Student: 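Take this structure first; my questions come after.
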Number of protein chains: 2
Amino acid sequence: MEPERKYRRVKPALRREHLVTSTLRCLAEQGAAGASIRRIAAAAGVSTGLINHHYAHLEDLVAEAYDHLATRVLRDILAGVAEAGGDPRQRLTAFFTVSFSAAVLDPDYLSAWLVFWSMIRHSEAMKTVHTRTNEEYRRSLGDLLADLIRDRQPARTPDLRLAAAGLSALLDGLWLAWCLNPQGLTAQEGVAICEDWVEAHLR
Amino acid sequence: MEPERKYRRVKPALRREHLVTSTLRCLAEQGAAGASIRRIAAAAGVSTGLINHHYAHLEDLVAEAYDHLATRVLRDILAGVAEAGGDPRQRLTAFFTVSFSAAVLDPDYLSAWLVFWSMIRHSEAMKTVHTRTNEEYRRSLGDLLADLIRDRQPARTPDLRLAAAGLSALLDGLWLAWCLNPQGLTAQEGVAICEDWVEAHLR
DNA sequence: GGCCTTCTTGATCAATCGTTCAGCAAGGGG
DNA sequence: CCCCTTGCTGAACGATTGATCAAGAAGGCC
């Protein structure tokens with residue numbers, strides 16, 4: 001008979017990653033109610049005390065989960081863009097397509113984003129993650145737009161910063177609307193609206 | 001000496017309105033933490049029991065607050081539109097201007113919207129309010145777009161439903177981005193981006 | 001093989017939550 | 001003016017919250 005171990009020790013870095021993914025699962029499945037030390041501990045299969053051992057405050061864990069999700073989404077999108085080849089227009093289409101794919105456009109994950117956003121106001125850590133990831137996202141979008149502008153040489157070149165802000169807001173708004181009421185819009189229509197934006201603005 | 005009354009009775013309809021405005025104040029000031037019977041009761045200057053006397057569940061009160069805020073915002077916007085006169089283009093500009101005015105674009109109120117949205121998933125009452133108010137909003141925007149299209153007779157008339165969905169998403173996205181990070185964008189730039197959308201799509 | 005670091009547990013704390021309910025009292029109708 | 005409806009109070013209940021901490025045990029190192 002092998003001696004039953006009560007638990008297995010895990011290296012901090014690995015354990016923290018484990019806790020972060022458990023947090024995301026909790027937030028996606030249960031929304032704001034899932035942002036609780038006890039529920040996350042249960043989902044991770046560990047004791048409540050372990051969470052405060054690795055994170056001084058629950059807020060720190062959630063901030064890391066925010067960073068994790070935002071980074072993964074942008075990475076997925078950029079991977080799709082890279083697959084699309086070198087044509088600026090097709091790269092932008094890939095950006096839209098992945099943005100409206102199931103891996104990103106998931107009503108369950110909206111619950112998580114809502115929790116993140118609601119914490120930004122009072123948590124400096126959350127604010128920091130939001131500002132940084134948002135800048136990365138908008139810069140990626142701005143780069144793609146800049147490439148397309150250079151390629152097309154449209155009659156009137158728009159302000160790049162405002163254009164990126166507008167397209168980014170359009171994407172966020174469509175994503176939000178779809179998650180809150182999937183009946184009102186299809187993913188294909190979401191992509192189509194973004195494509196229209198490009199054709200209308202960079203002609 | 002006038003006999004001190006312990007409290008004053010108020011007609012149900014008036015009391016409910018009182019509770020709704022107190023709820024909105026709580027949600028705006030304290031976010032998700034303000035969505036509590038005790039805090040709302042304290043803000044309204046009544047006992048906790050009174051809330052459950054008028055509303056079977058806290059959820060019902062919050063749903064009424066959601067309805068109240070969404071209706072007020074749309075009413076403010078349409079009032080601005082009415083003031084703008086009869087020119088379809090100027091009416092649309094008024095829609096944008098009011099949307100980015102302080103009465104609507106308030107980071108404090110974002111906290112309230114986030115609470116509402118996070119409750120939609122599990123509350124049928126919240127889902128009903130969201131669907132209805134959202135349809136009203138999008139229909140108002142669609143009407144203004146239809147007027148402008150009839151007035152301008154643009155070369156290629158866009159799908160009205162998709163156009164309204166797109167512009168509505170753009171407004172929501174800009175509003176969300178500004179509330180979450182007011183440094184990243186000014187209200188005037190928000191209006192400018194919306195104006196650009198109109199000029200680019202309905203030329 | 002035994003020691004020692006430190007990862008992990010789980011009981012415990014005070015605070016807060018939504019809801020219930022017995023009873024008080026305000027103030028209009030008869 | 002009194003009664004009776006009902007708006008209203010506030011204590012109480014059980015559940016849940018984030019955080020603390022003493023104790024335990026896993027597993028690498030000498």
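Convention: sequence-line order gives letters A, B, ...; per-chain numbering from 1. Please read all numbers here as calculations on a predicted model, not as lab measurements.
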Student: Among B:Thr48, B:Leu61, B:Leu50, whose side-chain contact (heavy atoms from CB on, under 4.5 Å) with B:Ile37 holds?
Tutor: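 Output: one option passes, namely B:Thr48.
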
Student: Identify whether any heavy atom of A:Arg16 sits under 4.0 Å from a base atom; if not, whether one sits that close to sugar-phosphate; answer base, sugar-phosphate or nothing.
Tutor: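 It contacts nothing in the nucleic acid.
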
Student: Using only atom types and a distance under 3.5 Å, with no angle test, would you say the side chain of A:Gln90 pairs donor to acceptor with the backbone of A:Asp87?
Tutor: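 Checking the backbone N and O of A:Asp87 against the side chain of A:Gln90, no donor-acceptor pair under 3.5 Å is found.
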
Student: What residues, two or more places apart in sequence or in another chain, satisfy side chain to side chain donor-acceptor pair (under 3.5 Å) together with A:His130?
Tutor: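 Testing A:His130 for side chain to side chain donor-acceptor pair (under 3.5 Å), a comparison that skips the adjacent residues, returns A:Tyr66.
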
Student: Any side-chain N or O of B:Arg39 less than 4.0 Å from the OP1 or OP2 oxygen of C:dC17?
Tutor: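 Yes, B:Arg39 has a side-chain N/O under 4.0 Å of OP1/OP2 on C:dC17.
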
Student: With the sugar-phosphate defined as primed atoms, P, OP1 and OP2, and the base as all remaining atoms, what B/S/- string results for nucleotides 19-30 of chain C, 5' to 3', for protein heavy atoms under 4.0 Å?
Tutor: BB---BBBS---

Student: Contact class for A:Ala35 vs. all strands (heavy atom < 4.0 Å): base, sugar-phosphate, or nothing?
Tutor: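 Sugar-phosphate, backbone atoms only, no base.
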
Student: Is it true that the side chains of B:Thr93 and B:Arg89 contain a donor and an acceptor less than 3.5 Å apart?
Tutor: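 A donor-acceptor contact under 3.5 Å links the two side chains.
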
Student: Between A:Arg121 and B:Ser111, is there a donor-acceptor pair closer than 3.5 Å when you use the side chain of the first and the backbone of the second?
Tutor: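 Side chain of A:Arg121 to backbone of B:Ser111, a donor-acceptor pair under 3.5 Å: no, none is there.
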
Student: For a side-chain contact (heavy atoms from CB on, under 4.5 Å) with A:Val10, tell me which candidate from A:Arg15, A:Glu17, A:His18, A:Arg16 qualifies.
Tutor: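 Single side-chain contact (heavy atoms from CB on, under 4.5 Å) partner of A:Val10 among A:Arg15, A:Glu17, A:His18, A:Arg16: A:Arg15.
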
Student: Whole-Å distance between C:dG18 C1' and B:Leu61 CG?
Tutor: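 Computing the B:Leu61:CG to C:dG18:C1' distance gives 13 Å.
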
Student: Report yes if a side-chain nitrogen or oxygen of B:Ser36 is closer than 4.0 Å to either non-bridging phosphate oxygen (OP1 or OP2) of C:dG18; otherwise report no.
Tutor: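 The answer is yes; a side-chain N or O of B:Ser36 sits under 4.0 Å from OP1 or OP2.
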
Student: Between A:Arg25 and A:Ala43 (side chain of the first, backbone of the second, donor and acceptor by atom type, cut-off under 3.5 Å), is there such a pair?
Tutor: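 Checking the backbone N and O of A:Ala43 against the side chain of A:Arg25, a donor-acceptor pair under 3.5 Å is found.
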
Student: Determine, for A:Tyr109 and A:Arg72, whether the Lys NZ or Arg CZ falls below 6.0 Å from the six-membered ring centre while staying within 45 degrees of the axis.
Tutor: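 So A:Arg72 does make the cation-pi contact.
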
Student: Could you tell me which residues satisfy ring pair (Phe, Tyr, Trp, His ring centres under 6.0 Å) with B:Phe95, sequence neighbours excluded, listed by chain and number?
Tutor: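 Scan of B:Phe95 (ring pair (Phe, Tyr, Trp, His ring centres under 6.0 Å), adjacent residues dropped) gives B:Tyr137.
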
Student: Mind listing the residues from residues 121-130 of chain B sitting with a heavy atom below 4.0 Å of DNA chain C? Number order is fine.
Tutor: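 The stretch gives none, as no residue of it lies under 4.0 Å from the strand.
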
Student: For a quick test of reading the model: is some side-chain N or O of A:His53 closer than 4.0 Å to OP1 or OP2 of C:dT8?
Tutor: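 No, because none of the side-chain N or O atoms of A:His53 sits under 4.0 Å from OP1 or OP2 of C:dT8.
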
Student: Using residues 163-179 of chain B as the side-chain source, report each donor-acceptor pair under 3.5 Å to any protein atom, sequence neighbours left out, with the distance given to one decimal.
Tutor:
| unit_1 | atom_1 | unit_2 | atom_2 | d |
| --- | --- | --- | --- | --- |
| B:Trp175 | NE1 | B:Val104 | O | 3.4 |
| B:Trp178 | NE1 | B:Leu185 | O | 3.1 |

Student: With heavy atoms of chain A within less than 4.0 Å as the criterion, where does contact along DNA chain D begin and end?
Tutor: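 Span of nucleotides near chain A: D:dT17 to D:dG27.
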
Student: One thing to verify: whether B:Glu135 and B:Arg161 come together as a salt bridge, which I'm taking to mean a side-chain N less than 4.0 angstrom from a carboxylate O.
Tutor: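 A salt bridge is absent here (no side-chain N lies under 4.0 Å from a carboxylate O).
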
